[in-house]
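Bear in mind that the values here come from a model prediction, so they are computed numbers and not experimental data.
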Amino acid sequence: MNLVYISVDSLRYDLVTAVHTPNFMKLAATAGCLFDEMIVQTPFTVPSHASMLTGLYPFNHGLRQFSGQKLHEKAQTLFQYLARRGYDIAVYRDTAVFGAAHGYSPAYFQNTSSPTLTQLRRFLAQPHKQPFCLFIHYWGIHTPYDTLTPIQSWRDAAYILLIHLRTRLGWTPFPLTPQHPYWIRRLQQVRTLLLSGGVETVIQGYQRALRHFDTWLGGLYSLLQRQCLANDTLLVITSDHGECFNEHREAALYPDGYEHGLFLFENVVRVPALFVGQGVPAGRCISGQVESVDLLPTVYELLGFSGEADPGFLTMDGHSLIPRWQETMPHKPFTYSETRHRGVNLVMGRSQQHKLIQDRVNDRAWLFDLQQDPGEHTNILKQQPEIGQQLTDALMQFEATHSQSAPPTVPASAAETAAVRQRLQQLGYVEE
């Protein structure tokens with residue numbers, strides 16, 4: 001069976017609706033199984049994809065930061081596993097924000113542009129002697145979205161024209177890729193809007209970009225059907241993290257980079273995950289928390305392989321989700337997330353009802369009741385110390401029992417770190 005795996009960067013779970021993503025929701029309602037409460041293991045791109053592609057928690061795969069670290073040599077990825085089983089691997093990324101410098105095989109990371117439907121049509125139409133794995137890191141709804149920059153130069157006018165072409169026609173003459181310093185100026189506009197009360201303008205830009213993604217997704221699925229591949233292809237759609245819209249004053253606390261990565265609120269750690277293909281029940285929506293590390297063993301099993309790691313590799317931390325839709329396994333009683341970004345060191349332990357966030361740099365903690373306070377605005381740690389202690393104990397036990405006996409984090413070389421840092425500067429993640 002073929003695999004088409006789409007990671008939609010910055011996909012908020014609460015905006016995946018029939019209004020904004022009708023094609024996504026139609027697939028979920030008629031052909032697939034949707035998990036609406038998947039918890040990512042870290043809320044920014046590099047380490048979150050590492051957990052997604054290895055089935056390992058960050059403290060096991062070793063890639064916990066944006067730069068300066070590489071995947072543990074015994075952390076087996078989706079691409080390694082399937083390549084050894086005869087799959088043709090094709091990886092598309094809008095940006096080179098993660099790849100060989102982070103320990104992935106460079107053979108799989110040759111395409112650094114989000115594929116247009118024309119490119120995908122060519123790829124799907126060519127003869128494939130072996131099954132293929134098509135992995136797409138879709139960047140189109142990442143900051144700065146489609147927020148329209150005031151026209152100050154010909155670049156601004158050209159970009160606005162491209163946005164309208166993409167919005168109206170679903171097509172542009174060339175991809176809307178990051179450009180420095182123009183990209184940075186547009187990022188700053190989004191951040192300025194949030195600080196000055198322009199939240200609705202930013203959200204509208206995000207929604208425009210989201211609708212464009214949904215149109216693209218509908219076109220991709222139509223291609224699979226026209227090429228007679230839909231019945232022999234497993235389609236997986238998920239995200240590496242959500243997005244902030246300043247609900248907790250994120251922009252004020254980090255005005256030069258707030259969107260995700262620095263907090264563990266639901267808006268960034270909770271994402272949807274949709275499976276479509278043979279062996280997947282159609283029209284199911286499953287609530288109850290699961291984790292990104294569960295994606296890999298689920299994919300393996302659906303493709304007909306054992307979910308166990310190959311000899312010599314670390315044992316996957318995740319578990320197949322197939323028993324969840326077979327109703328032979330309950331949702332996870334405890335999920336974990338962390339962030340180590342720009343001096344922040346937060347960890348999260350989440351039950352189905354409560355969430356504990358610990359700030360291990362400043363020795364602070366927050367406890368939220370997700371049922372009574374889904375927006376996470378009231379810290380109830382002082383009012384409910386016993387629940388806080390239960391989750392603290394559970395978090396300590398979790399870290400102790402799930403840490404695999406692996407060598408320390410593998411450092412990247414100075415050249416690799418410099419290359420990654422330059423790309424991050426061009427994308428507005430780090431300052432010059």
Colleague: State, yes or no, whether a side-chain contact exists between Leu63 and Pro58 at a heavy-atom distance under 4.5 Å.
Modeller: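 No - every pair of side-chain heavy atoms lies 4.5 Å or more apart.
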
Colleague: For Leu367 and Asn379, work out which heavy atoms get closest and say how close.
Modeller: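 So the minimum-distance heavy-atom pair works out to N-OD1, 2.9 Å.
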
Colleague: Please round to the nearest 0.5 Å and tell me the distance separating atom CG of Leu71 and atom NE2 of His61.
Modeller: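 It is 7.0 Å, given to the nearest 0.5 Å.
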
Colleague: Which label fits His49 and His137: parallel for a plane angle under 30°, tilted from 30 to 60°, or perpendicular past 60°?
Modeller: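 Perpendicular.
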
Colleague: Tell me which one of Gln289, Gln41, Glu37 satisfies side chain to side chain donor-acceptor pair (under 3.5 Å) with Thr335.
Modeller: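 That would be Gln289; it is the only one of Gln289, Gln41, Glu37 passing the side chain to side chain donor-acceptor pair (under 3.5 Å) with Thr335.
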
Colleague: Between Gln389 and Asp393, does any side-chain donor sit less than 3.5 Å from a side-chain acceptor?
Modeller: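 Yes, because at least one side-chain N or O of Gln389 sits under 3.5 Å from a partner of the opposite role on Asp393.
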
Colleague: Once you round to the nearest 0.5 Å, how far does CD1 of Ile387 lie from CG of Leu356?
Modeller: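 Interatomic distance, Ile387 CD1 to Leu356 CG, rounded to 0.5 Å: 11.0 Å.
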
Colleague: Please check if any side-chain donor atom of Thr45 sits under 3.5 Å from a side-chain acceptor atom of Asp9, or the reverse.
Modeller: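 Distance-only check passes for Thr45 and Asp9.
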
Colleague: Hey, what's the ring geometry for Tyr57 with His402, parallel, tilted or perpendicular (30° and 60° as the breaks)?
Modeller: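 Rings of Tyr57 and His402: perpendicular, over 60°.
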
Colleague: For Val8, is there any backbone N or O sitting under 3.5 Å from a side-chain donor or acceptor partner on Ser239?
Modeller: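 Between the backbone of Val8 and the side chain of Ser239 there is a qualifying donor-acceptor contact (under 3.5 Å).
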
Colleague: Which residues pass the salt bridge (charged side-chain N to carboxylate O under 4.0 Å, His left out) test with Asp14, not counting sequence neighbours?
Modeller: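 Residues passing salt bridge (charged side-chain N to carboxylate O under 4.0 Å, His left out) with Asp14: Arg12.
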
Colleague: Salt bridge (charged side-chain N to carboxylate O under 4.0 Å, His left out) with Arg284: which residues, sequence neighbours excluded?
Modeller: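 Arg284 satisfies salt bridge (charged side-chain N to carboxylate O under 4.0 Å, His left out) with Glu327 only.
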
Colleague: Roughly how far, to the nearest 0.5 Å, is OG1 of Thr233 from CD of Gln227?
Modeller: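 Between Gln227 CD and Thr233 OG1, I get 10.5 Å after rounding to 0.5 Å.
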
Colleague: Below 4.5 Å, heavy atoms only, C-beta onward: do Ile357 and Val347 meet side chain to side chain?
Modeller: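 No - every pair of side-chain heavy atoms lies 4.5 Å or more apart.
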
Colleague: How are the rings of Phe79 and Phe135 set to each other: parallel, tilted or perpendicular (split at 30° and 60°)?
Modeller: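 Taking Phe135 first and then Phe79, their aromatic rings stand perpendicular (interplane angle over 60°).
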
Colleague: Asp359: what forms a side chain to side chain donor-acceptor pair (under 3.5 Å) with it, not counting sequence neighbours?
Modeller: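 So Asp359 forms a side chain to side chain donor-acceptor pair (under 3.5 Å) with Asn362, Arg364.
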
Colleague: Tell me, do Ile136 and Trp216 make a side-chain contact under 4.5 Å, heavy atoms counted?
Modeller: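 Contact flag for Ile136/Trp216 side chains = yes.
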
Colleague: Sequence neighbours left out, what passes salt bridge (charged side-chain N to carboxylate O under 4.0 Å, His left out) with Glu376? Give chain and number order.
Modeller: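 Expected list: Lys355.
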
Colleague: Contact between Tyr300 and Leu78 at the side-chain level, heavy atoms closer than 4.5 Å - yes or no?
Modeller: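 A side-chain contact under 4.5 Å exists here.
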
Colleague: Applying salt bridge (charged side-chain N to carboxylate O under 4.0 Å, His left out) between Glu291 and each of Arg350, Arg270, Lys332, Arg324, report the one that passes.
Modeller: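 Exactly one pass, corresponding to Lys332.
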
Colleague: So which atom in Ala251 and which in Leu194 form the shortest heavy-atom distance, rounded to 0.1 Å?
Modeller: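 Closest heavy-atom pair between Ala251 and Leu194: CB-CB, 4.1 Å.
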
Colleague: If you draw a 6.0 Å radius around CD in Gln130, do more than 12 non-hydrogen atoms from other residues or ligands fall strictly inside?
Modeller: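 Counting neighbours around CD of Gln130, more than 12 heavy atoms of other residues, nucleotides or ligands fall under 6.0 Å, so yes.
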
Colleague: Measuring from Asp214:CG to Gln207:CD, what's the distance to the nearest 0.5 Å?
Modeller: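 These two atoms lie 13.0 Å from each other.
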
Colleague: Contact between Phe368 and Ile380 at the side-chain level, heavy atoms closer than 4.5 Å - yes or no?
Modeller: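 No, side chains not in contact.
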
Colleague: May I ask you to check whether over 12 heavy atoms, not counting those of Arg249, lie within 6.0 Å of atom CZ?
Modeller: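 At most 12 heavy atoms, drawn from other residues, nucleotides or ligands, come within 6.0 Å of this atom.
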
Colleague: Are Tyr92 and Tyr138 an aromatic pair by the rule of ring centers under 6.0 Å?
Modeller: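 Tyr92 vs Tyr138: aromatic centres not under 6.0 Å.
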
Colleague: So, do Leu56 and Gln404 sit near enough that their side-chain heavy atoms are less than 4.5 Å apart?
Modeller: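 Yes, their side chains come closer than 4.5 Å.
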
Colleague: In a check of side-chain contact (heavy atoms from CB on, under 4.5 Å) between Val299 and each of Val236, Asp294, Leu321, which one passes?
Modeller: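 Going through the options one by one, the only one that passes is Val236.
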
Colleague: Is a side-chain donor-acceptor pair under 3.5 Å present for Gln80 with Thr77?
Modeller: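 There is such a pair (donor and acceptor under 3.5 Å, judged by atom type) between the side chains of Thr77 and Gln80.
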
Colleague: What distance do Ser48 atom OG and His241 atom NE2 have between them, rounded to the nearest 0.5 Å?
Modeller: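 Going from OG on Ser48 over to NE2 on His241, the span is 7.0 Å.
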
Colleague: Quiz question: by atom type and distance under 3.5 Å, do the side chains of Asp369 and Gln353 form a donor-acceptor pair?
Modeller: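 Yes, because at least one side-chain N or O of Asp369 sits under 3.5 Å from a partner of the opposite role on Gln353.
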
Colleague: Side chains of Tyr336 and Glu338: do they bring a donor and an acceptor to under 3.5 Å?
Modeller: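 Side chains of Tyr336 and Glu338: pair found under 3.5 Å.
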
Colleague: Listing request: all salt bridge (charged side-chain N to carboxylate O under 4.0 Å, His left out) pairs with a residue in residues 76-88, at least two apart in sequence or in separate chains.
Modeller: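 Matches after skipping sequence neighbours: Arg84-Asp310, Arg85-Asp310.
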
Colleague: Is Met396 atom CE crowded by more than 12 heavy atoms from other residues, nucleotides or ligands, each under 6.0 Å away?
Modeller: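 Open.
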
Colleague: Assign the ring pair Phe398 / Phe334 to parallel, tilted or perpendicular, where the plane angle (0 to 90°) is split at 30° and 60°.
Modeller: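 Plane angle between 30° and 60°, so tilted.
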
Colleague: Quick one: list whatever passes side chain to side chain donor-acceptor pair (under 3.5 Å) with Asn246, sequence neighbours left out.
Modeller: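 Residues passing side chain to side chain donor-acceptor pair (under 3.5 Å) with Asn246: none at all.
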
Colleague: Between atom CZ of Phe59 and atom NE2 of His72, what is the distance when rounded to the nearest 0.5 Å?
Modeller: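 NE2 of His72 is found 13.5 Å from CZ of Phe59.
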
Colleague: Stepwise, does the side-chain hydrogen bond (donor to acceptor under 3.5 Å, both in side chains) test hold for Glu301 with Ser306?
Modeller: CA-CA 6 Å; Glu301 189 170 347; Ser306 167; over 6 Å; no

Colleague: Which pair of non-hydrogen atoms, one from Thr54 and one from Ala75, has the smallest distance, and what is that distance?
Modeller: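 Shortest heavy-atom contact: CG2-CB, 4.3 Å.
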
Colleague: Taking Phe245's backbone N and O only, do any of them form a donor-acceptor pair with Glu247's side chain (distance below 3.5 Å, no angle check)?
Modeller: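 Such a contact is found between Glu247 side chain and Phe245 backbone.
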
Colleague: Determine whether the aromatic ring centres of His260 and His142 lie less than 6.0 Å apart.
Modeller: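 Yes, ring centres under 6.0 Å apart.
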
Colleague: What I'd like to find out is whether the side chain of Arg64 reaches to under 4.5 Å of the side chain of Thr339, using heavy atoms alone.
Modeller: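 A side-chain contact under 4.5 Å is absent here.
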
Colleague: Donor-acceptor pair, Asn23 side chain versus Leu217 backbone, under 3.5 Å?
Modeller: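 Side chain of Asn23 to backbone of Leu217: no pair is present.
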
Colleague: Locate the shortest heavy-atom distance separating Leu223 from Leu117; write the atom from each residue and the value.
Modeller: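 Scanning both residues, the minimum pair turns out to be CD1-O, 3.5 Å.
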
Colleague: Would the distance check show the side chain of Thr238 and the main-chain N or O of Pro272 forming a donor-acceptor pair, the cut-off being under 3.5 Å?
Modeller: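 Yes: the side chain of Thr238 pairs with the backbone of Pro272.
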
Colleague: Which pair of heavy atoms, one from Phe132 and one from Asn2, lies closest together, and at what distance?
Modeller: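 Heavy atoms only, the tightest pair is N-OD1, 3.0 Å.
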
Colleague: May I ask you to check whether Phe44 and Phe263 place their ring centers less than 6.0 Å from one another?
Modeller: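 Judged by ring-centre distance (under 6.0 Å), Phe44 and Phe263 do not meet the cut-off.
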
Colleague: Determine whether Asp240 and Val40 make a side-chain contact, defined as any pair of heavy atoms from C-beta on separated by less than 4.5 Å.
Modeller: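 No, every pair of side-chain atoms sits at 4.5 Å or beyond.
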
